[in-house]
Amino acid sequence: MARAKIALIGGGQIGGVLAQLCALRELGDVVLFDIVEGLPQGKCLDIAEASPVDGFDVCLKGTNDYKDIEGANVVIVTAGLPRKPGMSRDDLIEVNSKIMTSVAEGIKKYAPQSFVIIISNPLDAMVTLCQKVTGFPYERVIGQAGVLDSARFKAFIAWELGVSVKDVVAMTLGGHGDDMVPLVRYASVQGIPVMELLEQKYGSAAKAAEVMEAMVKRTRGAGGEVVALLKTGSAFYSPASSAIAMAESILKDQKRVLPSCVYLNGEFGVKGYFVGVPTVLGEKGVERILQFKLDATEQAMMDKSVNAVKELVSSMK
Ligand code: A3D
């Protein structure tokens, strides 16, 4: 059976880690595209020369020609500028919209059957734009944000409670901005509510709420925390890992439940916008959106986050 083909558009910080993860996990052959000559070729050669050490059998090709992505099963897009300290994701909209338009045209022409996972910011707007330009069915154009935002939330909970990250279940909904919605009520350690464990640790509900509030705040600002430390760009290891989990679920038909930025047609009270919600990702792309009831506070936070997405999208027009 032929190996899957994964096209990575953007060979910068995230693109390079994506290529390496695809190779290490033998997810498929990799084509890394960038407009900068030599950059994708150099990164692919570098990763390929580690193959005898790491023991992976996949082909890696760096390119500046869209033709090379022909026949890709999955395309992951990171083309675009990242944030620098003091910038919001939304500040990137003008320049990254132009880049995304050209990228989407390339994907439409050379990989018309592919599943597309967007990482470029501002995420919710870039997914919207990519779907519009490609005209691909909604189940084939999705954005990575929720897997990472949820991973950050899970990591903070695990560190706070001194338990393995593997045993924490937690999720964020909404847009990939400061108004994202970390779901406290459903956060658990193997089903045991996190709030109950925090209350045991600190001896009062008030202190538990305070500690959780700090974790929610840190989750919302986690991207900015990394930007402030790096100074020259934004997070790249964790966004790459997150998109790989989505690609793997599609390529291997795992049907994992992963929060993804997808087109909503009435789900969670949202119609006509791409917003982060729990989805089942499998061989057909977005196979299902898992709906559940939000309480009044959660719904209010979701509405606020969705309004921010609407404003962002309308600023693109
Ligand atoms: P960076 O290292 O600058 O890589 C971007 C690459 O895009 C560069 O190599 C550019 O040469 C390339 N590029 C520019 N224009 C084009 C074009 N027209 N066609 C193809 N390639 C082009 O950035 P990065 O990898 O750190 O980040 C990439 C994007 O991901 C940025 O927009 C970030 O803001 C975004 N990002 C998203 C998340 C999410 O969780 C959603 C997290 C972190 C970063």
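Each ligand, and each atom within it, is numbered from 1 in the order the structure gives.
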Side chain to side chain contact (heavy atoms under 4.5 Å, CB included) evaluation trace for Val262 with Val275: CA-CA 6 Å; Val262 296; Val275 173; over 6 Å; no
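- Each of Met316, Arg89, Met126 was scored for a side chain to side chain contact (heavy atoms under 4.5 Å, CB included) with Asn96, with one residue passing: Met126.
- Those atoms of ligand 1 with a heavy atom of Leu92 less than 4.0 angstrom away are 34 (O).
- The protein heavy atom nearest to atom 4 (O) of ligand 1 is Gly12 CA, 3.3 Å.
- Distance alone, capped at 3.5 Å, places no donor-acceptor pair between the Ser51 side chain and the Ile47 backbone.
- Taking every heavy atom of Leu81 and a limit of under 4.0 angstrom, the matching atoms of ligand 1 come to 31 (C), 32 (O), 33 (C), 34 (O).
- For Gly233, the heavy-atom gap to ligand 1 stays at 4.0 angstrom or more.
- When hydrogens are left out, the protein atom nearest atom 25 (O) of ligand 1 is Ile14 N, 2.9 Å; that is the closest non-hydrogen contact.
- The atoms of ligand 1 that sit less than 4.0 Å from any heavy atom of Ser102 are 18 (N).
- Heavy-atom proximity to Ala235, at under 4.0 Å, picks out these atoms of ligand 1: 43 (C), 44 (C).
- The parts of Ala79 lying near ligand 1 are both backbone and side chain, judged by heavy-atom distances below 4.0 Å.
- A parallel orientation is assigned to the rings of Tyr66 and Phe33, their planes being inclined by less than 30° (bins at 30° and 60°).
- For atom 42 (C) of ligand 1, the closest non-hydrogen atom of the protein is Pro239 CG, 3.5 Å.
- For ligand 1, the atoms lying closer than 4.0 Å to a non-hydrogen atom of Leu39 are 9 (O).
- Counting protein heavy atoms only, atom 9 (O) of ligand 1 is closest to Asp34 OD2, 2.7 Å.
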